[in-house]
> 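Right, I'll just put the structure down here and ask away after.
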Amino acid sequence: MKHFHNTILIFALVAVLASCHSTEANYKASYEKSIAASRTGEKGEKYEHDIKVRSQNNYEVDGDSIRLQRHYFNIVDGDDSVIKKYSVVVAEFQQKFNAKSYCERLRKEEGLNSYVVYVARTRYYCVVAQGYDDLSVAATFARAPGKYMRLKPMVPKVYVLVRA
């Protein structure tokens, strides 16, 4: 009889532990709810303004306009010899791990000579898909990144970064 009670107790304990775990769907729903909440009200206005500013073209090359940014930056992955004069930024992350991961995907899946730089002013790790010495070629890539890579850019608008 004592053995029977112990068996029932063990089954009950297993059932309780199995039913009390979070799933990926729960985490995703919670994350999406918090993102939606952060994009409403005053925070939402700031977010919309930030996206609008980050999507504007500000420089003309070969009769067409592109977004060009001049910032001081440091290379995170590799050495300074990799950096060209004009860097085409296709992703921005706040965490170094995410930036390096995206950079590795660009290298492996797309065959691009990508690298990661850190811009202290914006506090972003920027993933550069390809660096060029000619602004015209960099602008061509920035205007139509879909021709050069299949991965989705992780910025509102692909832009050219120049070291100040």
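Computation of the quantities below employed the complete heavy-atom set of this structure, encompassing side-chain atoms and omitting hydrogens, waters and symmetry-equivalent molecules. Values in this document were obtained by computation on a predicted structure and should not be read as measured data.
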> Output all residues satisfying side chain to side chain contact (heavy atoms under 4.5 Å, CB included) with Y72, sequence neighbours left out; order by chain, then residue number.
A164

> Does anything in residues 108-121 pair up under side-chain hydrogen bond (donor to acceptor under 3.5 Å, both in side chains), and if so which pairs, sequence neighbours excluded?
S87-Y115, R105-E109

> Donor-acceptor pairs under 3.5 Å, side chain of residues 93-101 to any protein atom, not counting sequence neighbours: which ones?
residue: Q95; atom: OE1; partner: N98; partner atom: ND2; Å: 3.3

> So among Y159, Y124, Y102, which one has a side chain to side chain donor-acceptor pair (under 3.5 Å) with E92?
Y159

> Test V89 against every option in L161, V160, V119, V158 by the side-chain contact (heavy atoms from CB on, under 4.5 Å) rule and name the one that passes.
L161

> Would a 4.5 Å heavy-atom cut-off, applied to side chains only, mark Y86 and D134 as touching?
no

> So L135 and L68, do their side chains get closer than 4.5 Å, heavy atoms only?
yes

> Tell me, please, which residues at least two apart from K85 pass side chain to side chain contact (heavy atoms under 4.5 Å, CB included).
D133

> Are the side chains of M149 and L106 in touch, meaning some heavy atoms are under 4.5 Å apart?
yes

> Could you go through the side-chain contact (heavy atoms from CB on, under 4.5 Å) check for V76 and V117 one step at a time?
CA-CA 5 Å; V76 174; V117 297; 5.7 Å; no

> Which heavy atom of V116 sits nearest to which heavy atom of C103, and what is that distance?
CG2-CB, 3.7 Å

> Could you pull out the closest heavy-atom pair between M154 and A91, with the gap in Å?
CB-CB, 3.6 Å

> What pairs meet the side-chain hydrogen bond (donor to acceptor under 3.5 Å, both in side chains) rule with one or both residues in residues 143-152, with sequence neighbours excluded?
D64-R143

> Okay, side chain of R163, backbone of F73: is any donor-acceptor separation there less than 3.5 Å?
yes

> Between OG of S136 and CD1 of I66, what distance do you get to the nearest 0.5 Å?
9.5 Å

